[in-house]
Amino acid sequence: MKELMLGNKAVARGLYEAGVALASSYPGTPSTETTEEAAKYDEIYCEWAPNEKVALETAFGACIAGKRSYCAMKHVGLNVAADPLFTISYTGVNAGMVICVADDPGMHSSQNEQDSRHYAIAAKLPMLEPSDSEEALEFTKKAYEISEEFDTPVLLKMCTRVSHSQSIVETSERVEPPIKPYVKDAAKYVMVPANAKKRHPIVEERTKKLEAFAEETELNRLEVGEDKSLGIICDSTSYEYVKEVFGDRISILKLGLINPMPDEKIKKFAASIDRLVVVEELDPIIETHVKALGIEVEGKNLFPMVDEFSQGIVAEKLGQPAAAKCEEIEDLPNRPPAMCSGCPHRGLFYTLKKNKCTVIGDIGCYTLGATPPLSSIDTTECMGASVSSIHGFNKILGSEAEKHTVAVIGDSTFMHSGMTGLANIAYNQTNSTVIILDNSITGMTGHQQNPTTGFNLRGEPAGKIDLEALVRSMGIDRVVVVDPYDLAETDRVVKEELAAEAPSVIISRRPCALLKYVKKGKPLQVNPDKCIGCKSCMKLGCPSISFRNGKAVVDETQCFGCGVCSELCPKDAFEVQGE
């Protein structure tokens with residue numbers, strides 16, 4: 001049956017058809033939906049792990065037990081999972097195992113443009129790169145065949161455009177391989193130095209076999225055109241852009257298996273055309289490899305190292321007519337990202353700014369606290385970094401810094417990698433104040449459950465971690481919970497904990513305003529006779545409030561009714577509609 005599918009949904013369908021039994025992942029855009037869609041199949045056990053390292057190790061355990069397994073993450077998540085990744089390259093697998101990593105060229109929702117192809121090369125693992133939804137499904141199934149044939153984990157590299165675009169796929173039935181018996185084999189799976197030393201030559205031999213496979217597999221496809229003046233080697237979305245610009249006029253070598261690359265096929269292709277160009281987003285992985293073969297090739301001398309490509313960029317850089325442009329509308333207002341109306345984080349960040357705090361930030365929707373008018377966050381690096389960094393910051397600057405510096409981290413991010421940083425604070429003692437912004441969900445990636453919510457991936461009741469008890473058990477005696485809608489109490493607690501001469505944790509707790517079970521309050525309105533135009537309410541940066549004709553105005557279609565704005569108004573101009 002043919003169906004229009006998102007790339008991520010197609011991967012999930014590939015998991016189903018390949019007979020996968022377990023998927024363990026950590027949500028990260030643009031990879032998240034692969035696991036969410038897989039969870040719709042009863043035959044696949046799916047879970048959100050606390051972080052990517054745990055997810056990968058869980059999937060590895062399942063494949064050793066004898067059933068096909070899957071793990072997904074975004075590109076920066078692969079950094080977290082890198083420790084087991086490099087070692088399971090040595091051990092190999094029992095049943096097939098596929099690791100999906102989704103890159104984000106253009107940084108639509110990421111803090112860097114990391115190119116995950118480097119990991120495939122460094123870990124000596126095969127990597128497949130689909131360019132559309134149809135290939136996403138087929139490559140996923142093929143990855144399991146490669147995994148079991150060559151005794152290796154296989155990386156499946158997606159990217160934002162492939163993950164979140166749609167194309168036609170043809171589905172088929174599920175074929176579930178029989179369980180592969182687990183056989184104790186310490187020499188294969190126990191990676192102490194003596195065993196690992198013997199496994200490394202096996203990895204190198206496997207690479208040679210994969211290199212031979214790369215020459216013959218249909219994953220690497222040669223498309224011959226009549227015009228021999230130009231030939232292009234490309235992968236992933238770059239292939240789609242090249243095809244849209246050139247159609248079938250020129251010859252193209254499309255690499256679906258990006259590691260290892262087919263050396264002989266590349267040499268033969270280069271010899272068949274007059275000019276060779278590599279079109280690839282981000283780093284010159286293919287170009288560097290081709291040059292190492294002694295072949296003259298162009299690439300990054302034409303194309304940028306940054307951002308996404310497009311049909312227009314390919315046409316421009318290769319001297320082709322530009323595609324027709326959409327009509328541009330002038331004077332569109334700038335729409336920077338902002339915290340939602342009713343967001344529980346807004347009151348907390350307003351309080352931190354009011355108290356002129358230095359705020360060591362983390363990864364989550366609360367990172368929007370860095371944007372005007374709140375402009376509260378000083379640093380943001382990676383998951384969990386805030387808790388570790390505040391300790392180092394305070395160790396250097398001492399008591400004066402401790403009195404005005406806080407770390408902020410979400411509940412899901414705290415479970416991901418914040419706990420170890422807090423253990424360091426408790427163990428090595430700085431009077432650091434850590435604020436856990438507990439909105440009862442993993443908000444930034446679209447409302448996934450986490451170990452603090454009490455529900456699993458499918459929304460079923462699950463083990464729930466008590467944050468207060470956990471923090472106390474780690475050696476933090478000062479733990480206080482506040483409602484960020486209550487600005488006065490939030491202000492009092494922040495001042496008190498910053499003044500304390502002991503490590504402390506503030507839990508800013510209120511559910512995300514967008515959760516379905518959270519009831520929306522009655523929208524507010526501004527009494528124009530009371531409003532004096534002081535703009536105190538505008539300091540919140542709430543998208544429901546605007547300023548017109550010298551008065552504040554509330555958009556009732558957006559207002560959540562949280563009432564935080566009314567706490568700032570000196571004239572009580574904010575009133576509940578209908579009262």
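The residues of the chain are indexed from 1 along the displayed sequence. All values derive from a computational prediction rather than experimental measurement.
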Side chains of [X] and [Y] in contact at under 4.5 Å (non-hydrogen atoms):
X: Arg275; Y: Glu298; answer: yes
X: Tyr26; Y: Met383; answer: yes
X: His200; Y: Lys124; answer: yes
X: Ile233; Y: Ile252; answer: no
X: Leu318; Y: Val277; answer: yes

Starting at [atom1] of [X], measure out to [atom2] of [Y] and round the result to the nearest 0.5 Å.
X: Asp103; Y: Met158; atom1: CG; atom2: CE; result: 11.0 Å
X: Phe139; Y: Tyr144; atom1: CZ; atom2: OH; result: 15.5 Å
X: Asp115; Y: Glu280; atom1: CG; atom2: CD; result: 7.5 Å

When you check the side-chain N and O atoms of [X] and [Y], is any donor under 3.5 Å from an acceptor?
X: Glu240; Y: Gln311; result: no
X: Arg161; Y: Ser310; result: no
X: Ser110; Y: Asp104; result: yes

If you measure from the Lys or Arg side-chain nitrogens to the Asp or Glu carboxylate oxygens, is any gap between [X] and [Y] under 4.0 Å?
X: Arg13; Y: Glu170; result: no
X: Glu138; Y: Lys142; result: no
X: Glu216; Y: Lys265; result: no
X: Asp263; Y: Lys268; result: no

Item to check | Centroid-centroid under 6.0 Å between Tyr16 and Tyr41 rings | outcome: yes

Checklist entry - Checking side chain to side chain contact (heavy atoms under 4.5 Å, CB included) for the pair Lys243/Asp248: CA distance, chi angles, key distance, verdict? => result CA-CA 7 Å; Lys243 288 296 286 186; Asp248 298 326; 2.8 Å; yes

Next on the checklist: Tell me whether the NZ or CZ atom of Arg221 lies within the 45° cone about the ring axis of Tyr239 and under 6.0 Å from its centre.
Outcome noted: yes

Checklist entry - Quick one: is the NZ or CZ of Lys317 closer than 6.0 Å to the six-membered ring centre of Phe303, and within 45° of its axis? => result no

Checklist entry - Do you know which of Asn259, Val154, Leu85 makes side chain to side chain contact (heavy atoms under 4.5 Å, CB included) with Leu125? => result Leu85

Checklist entry - What is the minimum heavy-atom distance between Ser31 and Ala72, and which atoms define it? => result OG-C, 4.3 Å

Item to check | Partner set under side-chain hydrogen bond (donor to acceptor under 3.5 Å, both in side chains) for Asp235, not counting sequence neighbours | outcome: Arg117

